[in-house]
Structures are given as structure tokens and as C-alpha cells.
Colleague: 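Mind having a look at this structure? Questions to follow.
Scope of the values below: all heavy atoms of this structure, side chains included, with no hydrogens, waters or symmetry mates.
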Amino acid sequence: MLENKNIILGVCGSIAAYKSAFLVRLLVKAGANVKVILTPDGANFITPLTLATLSKNPVYTQYFEEETGVWSNHVELGLWADLIIIAPISANTLAKLATGICDNLLTAVYLSAKCPVYVAPAMDLDMWKHETTQNNIERISSFGNTVIAPANGELASGLWGEGRMAEPEEIVSFLSNSIKKSLPLFGKKVLVTAGPTYEAIDPVRFIGNHSSGKMGFALADEMAKLGAEVTLIAGPTAQKADQILKRIDVVSAQEMFDACTVAFAETDITVMCAAVADYRPKQVATQKIKKQDSGLFLELEKTTDILAFLGAAKKPHQVLVGFALETNDEENYAKGKLEKKNLDLVVLNSLNDKGAGFKSDTNKITIFNKALERTIFEMKSKTAVAKDICTAILKIAK
Ligand code: CTP
């Protein structure tokens, strides 16, 4: 969740500032770009050198660095940030945030920023309990800022009680969870199928197709990045899905059907990207079929059309998306599949478009919605195509 996020860490004057060093390390380890702003009093508790080394960025302490003549632009810093976490925040800075006092770089950046702001207070028990502090907490929360509550424990004063800053690990998981909750597909269960199916002829041979699974895996990854709980049902493929926790590997159309019908009942959004075999051998030989002088006839029977089966069972809140891979009369076939299989969207690939279809890293798609409105996309990487498909799904997801 924190990968590539631009994070400003504000550090105020509190003994808990020593924990900020651990916090920077954890944020950087999670892949975030971290810039630290120390308040003048914060610099009494932890050195800029420590935080600069750990964050791999210069530490900002004031508007104007006298030695270097560098001016730290608070507006630029505020706009750079995807999120601000002030940990520890002192009672003093809390009061400034509550009233708009802006007498140092951190408070100026706070007022300039448009991103979510989190604060992790650290102070002595009586300061924390004071009505003024509690009013300030309420006030900054009412502005949309999030308070990461202090824990109970031994305080620097020797008192025992509430006021200890949350531990760096807790802060990092709090931030990750709240980013996750803000994602557009958070709470949604998504089913994606990918890759080919193999239909056995005998113990060594099968009927298959050229699907690589790249498009389906890119889609599953993108859905997961948008916060969805993804189940990926994959036919035989060498693809890896880093973001997907639940992957079910299948071989045949029947196995894919069985896995899909179980998962579908719980699913909000289903995207059938797999190239499922339409036919399979009626008999699977138990021994390897030996070469004959004459030709070989295989009798094939139809597999179940999984997408059509799910379309017939679909509940009103469920979104169902299918693919249509065509070589001729593409738009009519795609629209026909949308209607016949009761889909919400159909994604058309034409094998006549160079760089579209199986195996390549790119794809060119056209999407039709239920009203048969058409959106044509440029040739793009499969990752970018996956983003376009997700955007179209987000427009109709309930
Ligand atoms: N599909 C499916 N089960 C099958 C065959 C296809 O779920 N047995 C799904 C695919 O995952 C895809 C969509 O149906 O989302 C369309 O697949 P495609 O092969 O393009 O079309 P078919 O409906 O099989 O028709 P045809 O092969 O005649 O074009």
C-alpha cells in the first residue's frame, strides 16, 4: 500500500522522537519516498543527520537554510505529499493545527497540503487528558485529519497511563490499512479467470490454445491494487501474480467451471479473461494412443460455456465482464456475446490488430457496455489495458 507513496513525516519536540527513526526506516522499507520535517524543538530530540540518512533525503528544519541559501518551499512540499504523518505530534503543534497558527515549516506545509494528514500524539498523561488538548484533538479530527491514538504505558515522566506514542509498526499498519480502505474496490470480491485450458486426449496429449494468461494476470493485479479481494482462477500458464493471495490453478474447462461456480456465489465482479476450450475429446484414452497407418478421428463434445452459465445465474448486484476474441465481423460477434451471455461489459480483441491478442505484451481493445455504447482504445501495454478495463468496471460497479 505504501509503495511509491510520497510521505512527509513531521517530527515535533517530544522524547518519542527517537521512535521516528524506526518509523522512517519502516516507511522506506515499505517502498515509500520519505521527506522529514523537523520542528525547531524536534531537532533537540533527534538529529537531522539520523533522519536524513534513514530517509535518504535532506531533512527540512526551516524555511531558509542560512548556510546553503536554500529556500524550502512549503507549498511545493505540501503538494508533493500523498500523505502527511506527524509522529510524534506535541500538544503545542496540535494546538497550532487546531487554530491555524503557522510559525514554522511543518505547520506551513500542513496548511498548504491537500493530502490526508495523520497525527500520532505523544505527551505526558495530564497534558493528554487536559480539556484543551482533547478539544484540539476533536477540532483537528473535524477538519478531516486522522488521530492515531496514543497507547497506555510508562511515560517519560515516570507516570503510567495514556500518552505514549503508538509504536512505529502500528503506525505503518494503520497507514496501510487506511489507504487500503480508501481504495475504490475495497470490500469488493473479484473473480478473474486467465490463461488457456487443456483438454486431455490421452495421458500425454491435449487440445489447448495459445493464451499466455498475461492479460488476465494483469487484470487480477490491477484489481488487487484497487483494493479488491481477488480470486484468480488460472489455466496452465507460467505467469506469476505478486499481488494475488488467492490463486486456484486448474487444467481443463470442467475444472475451471467447477472452481468458478463455487467462487461466483461470493463474487461482486467477475471478469472471464480465460481462453476456455469450447470442445474436449469425448473419450480420454487411459493409455497413450499409438500411431496407426490410417488417420485418427477424435470425437469432440462441447464444454459448458462458463460465462453464459454465470450470466444466467447473475444477481442484480453482480457485474459480469466477458472477452470476445474475433477474426471477422468483430463488433457484431462481440455485441452478440454481450446480449446472449447477459454481460455488463464485453471486451473485444481483434486478431486483425497487430499487437493484440495472445502472447504479446500489448493489446488493443474495444469495450461495449449494456447499452451497446462503444469505447475504442489505442494499442497499449497489457498493464495499461487492465487499468482501462478497471476504469470501465468502476463506472458500473454497484
Ligand atoms: N468462455 C467461457 N467458457 C467457454 C468458452 C468461453 O467462459 N467454454 C468465455 C471466455 O472466457 C470469454 C468469452 O466466453 O470471456 C468469449 O469467449 P470466445 O472464445 O471469444 O467466444 P465463444 O463464446 O466461445 O464463441 P466462439 O468461440 O464461437 O467465438
Colleague: Could you tell me whether Lys246 atom NZ has more than 12 heavy atoms of other residues or ligands within 6.0 Å of it?
Modeller: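 Not more than 12 within 6.0 Å, no.
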Colleague: Between Phe45 and Tyr18, is the ring pair (Phe, Tyr, Trp, His ring centres under 6.0 Å) condition met? List the steps.
Modeller: CA-CA 7 Å; Phe45 287 88; Tyr18 81 91; over 10 Å; no
Colleague: Would a hydrophobic clustering, with Ile, Leu, Val, Met, Phe, Trp and Tyr connected at side-chain separations under 4.5 Å, put Val321 with Ile365?
Modeller: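 Hydrophobic grouping puts Val321 with Ile365.
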Colleague: Side-chain contact test, heavy atoms from C-beta onward, threshold under 4.5 Å: evaluate it for Val119 versus Ile140 and give yes or no.
Modeller: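 Of all side-chain heavy-atom pairs linking Ile140 with Val119, at least one is under 4.5 Å.
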Colleague: Would you say the side chains of Gln254 and Asp258 form a donor-acceptor pair under 3.5 Å?
Modeller: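 Checked: Gln254/Asp258 side chains pair up, N/O donor to acceptor below 3.5 Å.
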Colleague: Please check if the side chain of Asn209 supplies one atom and the backbone of Ala275 the other of a donor-acceptor pair under 3.5 Å.
Modeller: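 The answer is yes, because a donor-acceptor pair under 3.5 Å joins these two groups.
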Colleague: Could you state the interatomic distance from CD1 (Ile306) to CE (Met272), rounded to the nearest 0.5 Å?
Modeller: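 Answer for the CD1-CE pair, Ile306 versus Met272, is 4.0 Å.
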Colleague: Within this structure, what is the CG-OG1 distance for the pair Asn104 and Thr93, rounded to the nearest 0.5 Å?
Modeller: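 With rounding to 0.5 Å, CG (Asn104) is 6.5 Å from OG1 (Thr93).
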Colleague: Indicate yes or no: at least one non-hydrogen side-chain atom of His74 is less than 4.5 angstrom from one of Ser112.
Modeller: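 When only atoms from C-beta onward are counted, Ser112 and His74 do touch, with a gap below 4.5 Å.
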Colleague: More than 12 foreign heavy atoms under 6.0 Å from CZ of Arg205: is that the case here?
Modeller: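 Enclosed: over 12 neighbouring heavy atoms sit under 6.0 Å from CZ of Arg205.
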Colleague: For the pair Glu199 (side chain) and Ala253 (backbone), establish whether a donor and an acceptor sit closer than 3.5 Å, ignoring hydrogens and angles.
Modeller: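 Checking the backbone N and O of Ala253 against the side chain of Glu199, a donor-acceptor pair under 3.5 Å is found.
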Colleague: Give the intermediate values and the outcome of side-chain contact (heavy atoms from CB on, under 4.5 Å) for residues Leu348 and Phe368.
Modeller: CA-CA 8 Å; Leu348 165 67; Phe368 291 93; 4.2 Å; yes
Colleague: Evaluate the side-chain proximity of Asn363 to Lys380: yes if any heavy-atom separation is below 4.5 Å, no if none is.
Modeller: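 No, too far: nothing below the 4.5 Å cut-off.
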Colleague: Under a single-linkage definition using a 4.5 Å side-chain heavy-atom cutoff for Ile, Leu, Val, Met, Phe, Trp and Tyr, are Val347 and Leu338 assigned to the same hydrophobic cluster?
Modeller: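 Val347 and Leu338: separate clusters.
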Colleague: Do any N or O atoms from the side chain of Asp268 and from the backbone of Gln318 form a donor-acceptor pair under 3.5 angstrom?
Modeller: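 Not a single qualifying donor-acceptor pair exists.
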Colleague: Quick one: do Leu106 and Val34 end up in the same hydrophobic cluster if we chain Ile, Leu, Val, Met, Phe, Trp and Tyr together by side-chain heavy atoms under 4.5 Å apart?
Modeller: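 Per the 4.5 Å side-chain linkage, Leu106 and Val34 are not co-clustered.
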Colleague: Would Met256 and Leu232 show up in the same hydrophobic cluster when neighbours are defined by side-chain heavy atoms closer than 4.5 Å?
Modeller: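 Different clusters.
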Colleague: Can you tell if the side chain of Thr197 reaches within under 4.5 Å of the side chain of Val250, non-hydrogen atoms only?
Modeller: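 Not touching, per the 4.5 Å side-chain cut-off.
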Colleague: Salt bridge or not between Lys19 and Glu167? Use side-chain N to carboxylate O under 4.0 Å.
Modeller: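 Counted as a salt bridge, because a side-chain N and a carboxylate O are separated by less than 4.0 Å.
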Colleague: Please indicate whether Phe174 has more than 12 foreign heavy atoms, meaning atoms of other residues, nucleotides or ligands, lying under 6.0 Å from its CZ.
Modeller: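 Check passes, neighbour count above 12.
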Colleague: Between Glu331 and Arg374, is a salt bridge (Lys or Arg N to Asp or Glu O under 4.0 Å) present by the stated rule, with each step listed?
Modeller: CA-CA 9 Å; Glu331 296 208 352; Arg374 181 183 73 167; 3.0 Å; yes
Colleague: Using modelled atom types and a 3.5 Å cut-off, is there a donor and acceptor pairing between side-chain atoms of Asn152 and backbone atoms of Glu162?
Modeller: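 Looks like yes, one N/O pair under 3.5 Å.
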Colleague: Run the salt-bridge test on Glu301 and Arg280 with the 4.0 Å N-O cut-off and return the result as yes or no.
Modeller: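 Looking at Glu301 and Arg280, the cut-off is met.
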Colleague: Taking all heavy atoms of Leu9 and all of Ser20, pick out the closest pair and write down the distance.
Modeller: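 Looks like CD2-O, 4.0 Å.
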Colleague: For the CZ atom on Phe377, are there more than 12 heavy atoms of other groups (residues, nucleotides or ligands in this structure) within a distance under 6.0 Å?
Modeller: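 Result for CZ/Phe377: enclosed.
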Colleague: Do Thr391 and Asp388 pair up side chain to side chain, a donor and an acceptor below 3.5 Å, judged on atom types alone?
Modeller: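 On atom types as modelled, these side chains do not qualify, holding no pair under 3.5 Å.
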Colleague: Within the 3.5 Å criterion, strictly below it, is a donor on Tyr110 or Asn145 matched to an acceptor on the partner's side chain?
Modeller: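 The criterion, which ignores hydrogens and geometry beyond distance, is satisfied for Asn145 and Tyr110.
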Colleague: Should Val11 and Val36 count as side-chain neighbours, where that means a heavy-atom distance under 4.5 Å?
Modeller: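 Answer yes - side chains close enough.
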Colleague: Evaluate the ring planes of Phe206 and Tyr198, with Trp represented by its six-membered ring, and classify them as parallel (under 30°), tilted (30 to 60°) or perpendicular (over 60°).
Modeller: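 Correct class here is parallel.
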Colleague: Do Thr47 and Thr50 pair up side chain to side chain, a donor and an acceptor below 3.5 Å, judged on atom types alone?
Modeller: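 On atom types as modelled, these side chains qualify, holding a pair under 3.5 Å.
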Colleague: Under the side-chain contact (heavy atoms from CB on, under 4.5 Å) criterion, do Leu394 and Leu185 qualify, and how do the steps go?
Modeller: CA-CA 8 Å; Leu394 280 172; Leu185 288 179; 3.6 Å; yes
Colleague: Look at Asp361 together with Lys214 and state whether they make a salt bridge at an N to O cut-off of under 4.0 Å.
Modeller: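 Salt bridge: yes.
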Colleague: Measuring from Thr362:OG1 to Lys382:NZ, what's the distance to the nearest 0.5 Å?
Modeller: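 Reported to 0.5 Å precision, the distance equals 7.0 Å.
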Colleague: Decide yes or no for Leu2 and Leu27: does some side-chain heavy atom of the first lie under 4.5 Å from some side-chain heavy atom of the second?
Modeller: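 With C-beta onward as the side chain, the pair touches.
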Colleague: At what distance, to the nearest 0.5 angstrom, does CD1 of Ile389 lie from CD of Glu222?
Modeller: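 It comes to 10.0 Å.
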Colleague: Please report the interatomic distance CG(Asn92) to CG(Leu94), rounded to the nearest 0.5 Å.
Modeller: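 Between Asn92 CG and Leu94 CG, I get 9.5 Å after rounding to 0.5 Å.
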Colleague: Could you tell me whether Lys129 and Asp126 make a salt bridge, using a distance below 4.0 angstrom between a side-chain N and a carboxylate O?
Modeller: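 Here Lys129 does not pair with Asp126 in a salt bridge, since their nearest N and O are not under 4.0 Å apart.
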Colleague: Got a donor-acceptor contact below 3.5 angstrom from the Asn342 side chain to the Gly311 backbone?
Modeller: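 Yes, the answer is positive, given that a donor and an acceptor are paired below the 3.5 Å cut-off.
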Colleague: Using atom types as modelled and distance alone, determine if a side-chain donor or acceptor of Thr267 lies under 3.5 Å from a backbone N or O of Lys189.
Modeller: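 No; judged by distance alone, with no hydrogens or angles, the pair does not exist.
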Colleague: State, yes or no, whether a side-chain contact exists between Lys314 and Asp344 at a heavy-atom distance under 4.5 Å.
Modeller: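 Of all side-chain heavy-atom pairs linking Asp344 with Lys314, at least one is under 4.5 Å.
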Colleague: Give me the atom names and distance for the closest heavy-atom approach of Ala87 to Ile171.
Modeller: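 Reported closest heavy-atom pair: CB-CD1, 4.0 Å.
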Colleague: Take atom NZ of Lys370 as the centre, draw a 6.0 Å sphere, and report whether it contains more than 12 heavy atoms from other residues, nucleotides or ligands.
Modeller: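 It does: Lys370 NZ has more than 12 such atoms within range.
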Colleague: State, to 0.1 Å, how close Val28 and Ser55 come at their nearest heavy-atom pair, and which atoms those are.
Modeller: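 Distance-wise, the nearest heavy atoms are CG2-CA, 4.1 Å.
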Colleague: May I ask you to say whether Asp278 pairs ionically with Lys302, meaning some side-chain N is under 4.0 Å from a carboxylate O?
Modeller: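 Salt bridge absent between Asp278 and Lys302.
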Colleague: Can a donor-acceptor pair be found, under 3.5 Å and without considering hydrogens, that links the side chain of Arg164 to the backbone of Ala122?
Modeller: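 Absent.
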Colleague: Between Asn4 and Asn33, is any side-chain donor less than 3.5 angstrom from a side-chain acceptor?
Modeller: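 Short answer, no.
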Colleague: Nearest heavy-atom pair of Ala274 and Thr193: which atoms, and what distance?
Modeller: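 Scanning both residues completely, I find the closest heavy atoms to be N-OG1, 3.1 Å.
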Colleague: Go through it in stages, so that I can follow the logic: the residues are Ile37 and Val59, the test is side-chain contact (heavy atoms from CB on, under 4.5 Å), and I'd like the CA-CA distance, side-chain angles, deciding distance and then a yes or no.
Modeller: CA-CA 6 Å; Ile37 304 177; Val59 167; over 6 Å; no
Colleague: Any side-chain heavy-atom pair from Pro121 and Val147 closer than 4.5 angstrom?
Modeller: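 SC-SC contact between Pro121 and Val147 confirmed.
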Colleague: Enter the distance from Leu38:CG to Leu51:CG here, rounded to the nearest 0.5 Å.
Modeller: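 Nearest 0.5 Å value for the CG-CG distance: 5.5 Å.
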Colleague: Determine, stepwise, if the pair Leu300 / Lys282 fulfils side-chain contact (heavy atoms from CB on, under 4.5 Å).
Modeller: CA-CA 5 Å; Leu300 303 181; Lys282 194 165 182 185; over 6 Å; no
Colleague: Are a donor atom and an acceptor atom from the side chains of Thr375 and Glu373 found within less than 3.5 Å of each other?
Modeller: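 Glu373 and Thr375 do not have a side-chain donor-acceptor pair below 3.5 Å.
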Colleague: Hey, is the main chain of Ala98 close enough, under 3.5 Å, to the side chain of Arg139 for a donor-acceptor pair?
Modeller: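 Judged by distance alone, yes, a pair lies under 3.5 Å.
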Colleague: How close do Thr107 and Cys102 get, heavy atom to heavy atom, and via which atoms?
Modeller: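 Between these two residues, the closest heavy atoms are OG1-CA, 3.4 Å.
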Colleague: Give the minimum heavy-atom separation between Gly213 and Thr237, together with the two atoms involved.
Modeller: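 Closest approach of Gly213 to Thr237: CA-OG1, 4.4 Å.
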Colleague: Whether the side chain of Asp124 engages the backbone of Met127 through a donor-acceptor N/O pair (distance < 3.5 Å, no angle test) should be reported.
Modeller: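 No; zero donor-acceptor contacts below 3.5 Å.
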Colleague: Salt bridge or not for Glu326 and Lys337, using N-O below 4.0 Å?
Modeller: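 Salt bridge present between Glu326 and Lys337.
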Colleague: Could you tell me if Ser350 and Glu330 have a donor-acceptor pair between their side chains, going purely by distance under 3.5 Å?
Modeller: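 Yes, because at least one side-chain N or O of Glu330 sits under 3.5 Å from a partner of the opposite role on Ser350.
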